[in-house]
Peer 1: 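A single structure is presented below for examination.
Start at 1 and go down the list; that is how both ligands and their atoms are numbered. Hydrogens, waters and symmetry mates play no part in the numbers below; they use all other heavy atoms, side chains included.
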Amino acid sequence: MKVQKTWQKRQKLYPLLSIAFATAIAFGVCQFPLDSLEFFTYDLRMKFRPIHKTSGLISTVAIEPLTLKVLGHEPTIEEHQQVVANVLSAQPKVVIYLNDPSEIPGSIDQQKAFADFVATSGKFIYAVNDLPPIPGDGNIKLKAPFENIEVLAAPKTVDKNIFAKDGVTRRMILSADSQMTMHPLIVSRINGSANIANYRGVFEFIETQQSFIDFRPTGTYTAQRFIDILQSPIDLASFKDKIVIIGRDTLETSQDYLSTPLSKDIVAMSLIEMHANAFDTLLLNSSPYRVHKWINLALTLLISIFTLYVVITLRPARGLLALALTVTGFLLLAYLLFAGFGIWISVAHPMLALFICYYFFIPYRLIVENRRSWEYLQKNKLLTQVEELKSNFLRMMSHDLKTPLARIQGMANIVLGDANTLSDGQRLAMSHIIESADELSDFIGSILNLGRIESKEIKLNLKSRDLNSLLLEVINKLSFLANKKNIQIITELEPIFSIKVDEDLLRQVFTNLIENAIKYSPENTKILVTTEELNGKLMIQVADQGIGIREDELENIFSKFYRSREVKNTEIPGSGLGLYLARYFVELHNGRMNVESQPQKGSTFSIELPMELNS
Ligand code: ADP
């Protein structure tokens, strides 16, 4: 008992302990940088979301394999100047050059001519793959004769030693040491939004402000060919008011390319397209928004608590299903938030917490289950022991009572037989003694039978017997009782074949039924005992006009020690064992016993026995 109480006390503490565990696990898990896993799921979300539209404000021009083939050489600086001149003639917003002008082949004079031409246009920018200079260091400048060309910092980021460490480009740097890079600078010139903090998804990272690029698949921005602009500049109108990015897409050097969340190929996307994506991310303010780490912690905590709840309370199969649904639901939520609203919630930490909680607490769950079944086992053992003790006690007691009782019965009969010495009062007392001794003897007989049933000791002693004569024998024996109440026992016994039965057991059955009919009937009533052969079976019925049995008690009367409410408080003697034993004995003969009854009208007990006992 004491053990059980401490166990129960402990069980009350468990919800609190579980929450404490879940919190510890959530905090612990969130300390692990799971960037590789997180960015893997980020890339998947990016890959399978609906494709975002472009702003339509970007045009691109590429020096690509066909240009090189047609020209037969690298474009000269004069050819570059011609292309820039053609593009500028269409009045773009700005021309962004990704190639270093100082590395374009040409003579000093040609270089100077190019530099002067583009610098005076006021719309030419060379995008250098570098961070902005530290304040005080002035602007980034090219060497003479290109020193007047505007150079802006447009660094390409690669996750090499940080974040996912997989060499993929996912971010852009918007400012470093409070100096804006090219993309926000140009966009602020177009729409006047000069405050980086106003952009969606901006985060601080080692003295820089960055955001994730809202990548579209490669090929979204189809570039015009350098050669087409040079030789037949027919489609120049499309450059009007655009940000025109001119670069290389020759597949010659990997520096002109990058891997994106959509493809890990090292030449997955040209720099030209990366810059186009970066511009559109700012122009449309559509950078993916990574939620604050506290929100991720809260989600992780929620999932941990839920997992523990499921593991501890649900059955294993259901628990597994619930967790599978949770994982699916959570992943779906993460996807929908990203696809619909560009909101990026952490997936790696909550999922890891879920797995840890699951595997950590399954053994605990097993311990609880074991403990429970151990308790059941103990209880069961105890119950069986008590049951055994009870039967042993009853059997012992009954045996020990039997001999003195037989002596009382014998002596009482001798005294009663000696008619001369007794007064009327003494004679009455003597017959009461005999009656009570008979009742007690019946009771002891029943208890002994019960003991035999429970220890499965009963074996049928089958002999061919005519049941009609057995019934008459019983009726004859009980007629004395019936006469006392002026009850008439009528018999309607059809001639039936003798069948093999255990005579002693059936005698007890019939005695019980007829005795009950007499006991539970008022004076001056009738009892009808019938036998017949019906559909190959023997039917024996005992019907009385007695007090009857209520419907809700009909089945109970065949239970051990059951006595109806009606008779419990009367003086009618009884143990409640008779019908239990009678039905059991009938069933041993493969028969059935039933009752129909109406309160205050009477009861009919029916026994159905097979003609042949196949046991
Ligand atoms: P008991 O020793 O109490 O008669 P039984 O097992 O023979 O035990 O019967 C169980 C109960 O069924 C009785 O206590 C009584 O309430 C009810 N019962 C049995 N036979 C009759 C009957 N013929 N008429 C009314 N009630 C009956």
Peer 1: For atom 2 (O) of ligand 1, grab the closest protein heavy atom and report residue, atom and distance to one decimal in Å.
Peer 2: Ser575 N, 2.9 Å
Peer 1: Just let me know how Val567 lines up against ligand 1, side chain, backbone, both or neither, with a heavy-atom cut-off below 4.0 Å.
Peer 2: side chain
Peer 1: Without hydrogens or angle criteria, can the side chains of Gln545 and Gln600 be said to hold a donor-acceptor pair below 3.5 Å?
Peer 2: no
Peer 1: Identify the protein heavy atom lying closest to atom 23 (N) of ligand 1, giving its residue, its atom name and the separation to 0.1 Å.
Peer 2: Asp544 OD2, 2.9 Å
Peer 1: Would Phe558 count as a contact residue for ligand 1, given that I'm defining contact as a non-hydrogen atom of the residue lying under 4.0 Å from a ligand atom?
Peer 2: no
Peer 1: Measuring from Ile367:CD1 to Phe361:CZ, what's the distance to the nearest 0.5 Å?
Peer 2: 10.5 Å
Peer 1: Has Glu566 got any heavy atom lying under 4.0 angstrom from an atom of ligand 1?
Peer 2: no
Peer 1: Atom CG in Leu299, atom CD1 in Ile295: separation rounded to 0.5 Å?
Peer 2: 7.5 Å
Peer 1: Distance to 0.1 Å, residue and atom name: give those for the protein heavy atom nearest to atom 6 (O) of ligand 1.
Peer 2: Leu579 N, 2.7 Å
Peer 1: Without hydrogens or angle criteria, can the side chains of Asn524 and Asn486 be said to hold a donor-acceptor pair below 3.5 Å?
Peer 2: yes
Peer 1: Answer yes if the side chains of Asn296 and His349 hold a donor-acceptor pair under 3.5 Å, and no otherwise.
Peer 2: no
Peer 1: Can an N or O of Phe605 be found at a distance shorter than 3.5 Å from an N or O of ligand 1?
Peer 2: no
Peer 1: On a heavy-atom basis, I'd like to know which of Val595, Ile572, Ile557 is closest to atom 17 (C) of ligand 1.
Peer 2: Ile557
Peer 1: Quick one: nearest non-hydrogen protein atom to atom 26 (N) of ligand 1, plus distance?
Peer 2: Ile549 CG1, 3.4 Å
Peer 1: Just by distance, do the side chain of Arg583 and the backbone of Ser559 share a donor-acceptor pair under 3.5 Å?
Peer 2: no
Peer 1: Using a 4.0 Å heavy-atom cut-off, say whether Leu577 meets ligand 1 through its side chain, its backbone, both or neither.
Peer 2: backbone
Peer 1: Which residue holds the protein heavy atom closest to atom 16 (O) of ligand 1, what is that atom called, and what is the gap in Å?
Peer 2: Ser564 OG, 2.7 Å
Peer 1: Give me the nearest non-hydrogen protein atom to atom 3 (O) of ligand 1 as residue plus atom name, then the distance to 0.1 Å.
Peer 2: Arg563 NE, 2.6 Å
Peer 1: Can you tell me if Glu596 and Ser603 form a side-chain donor-acceptor pair at under 3.5 Å?
Peer 2: no
Peer 1: Show the atoms of ligand 1 that are less than 4.0 angstrom away from any heavy atom in Lys519.
Peer 2: 1 (P), 2 (O), 4 (O)
Peer 1: Are there over 12 heavy-atom neighbours, none belonging to Lys485, within less than 6.0 Å of that residue's NZ?
Peer 2: yes
Peer 1: Could you check whether the rings of Phe39 and Tyr42 sit parallel, tilted or perpendicular, using 30° and 60° as the cut-offs?
Peer 2: perpendicular
Peer 1: Ignoring hydrogens and geometry beyond distance, is a side-chain donor-acceptor pair present between Glu566 and Tyr520 at under 3.5 Å?
Peer 2: no
Peer 1: Determine whether any heavy atom of Gly576 lies closer than 4.0 Å to an atom of ligand 1.
Peer 2: yes
Peer 1: Any idea which part of Glu553 is under 4.0 Å from ligand 1, heavy-atom wise: side chain, backbone, both or neither?
Peer 2: neither
Peer 1: Just go through Asn516, Asp442, Asn556 and tell me whose heavy atom is the nearest to atom 7 (O) of ligand 1.
Peer 2: Asn516
Peer 1: Report the distance from atom CE of Met539 to atom CD1 of Ile607, rounding to the nearest 0.5 Å.
Peer 2: 9.5 Å
Peer 1: Among Phe443, Tyr520, Tyr562, whose heavy atom sits nearest atom 10 (C) of ligand 1?
Peer 2: Tyr562
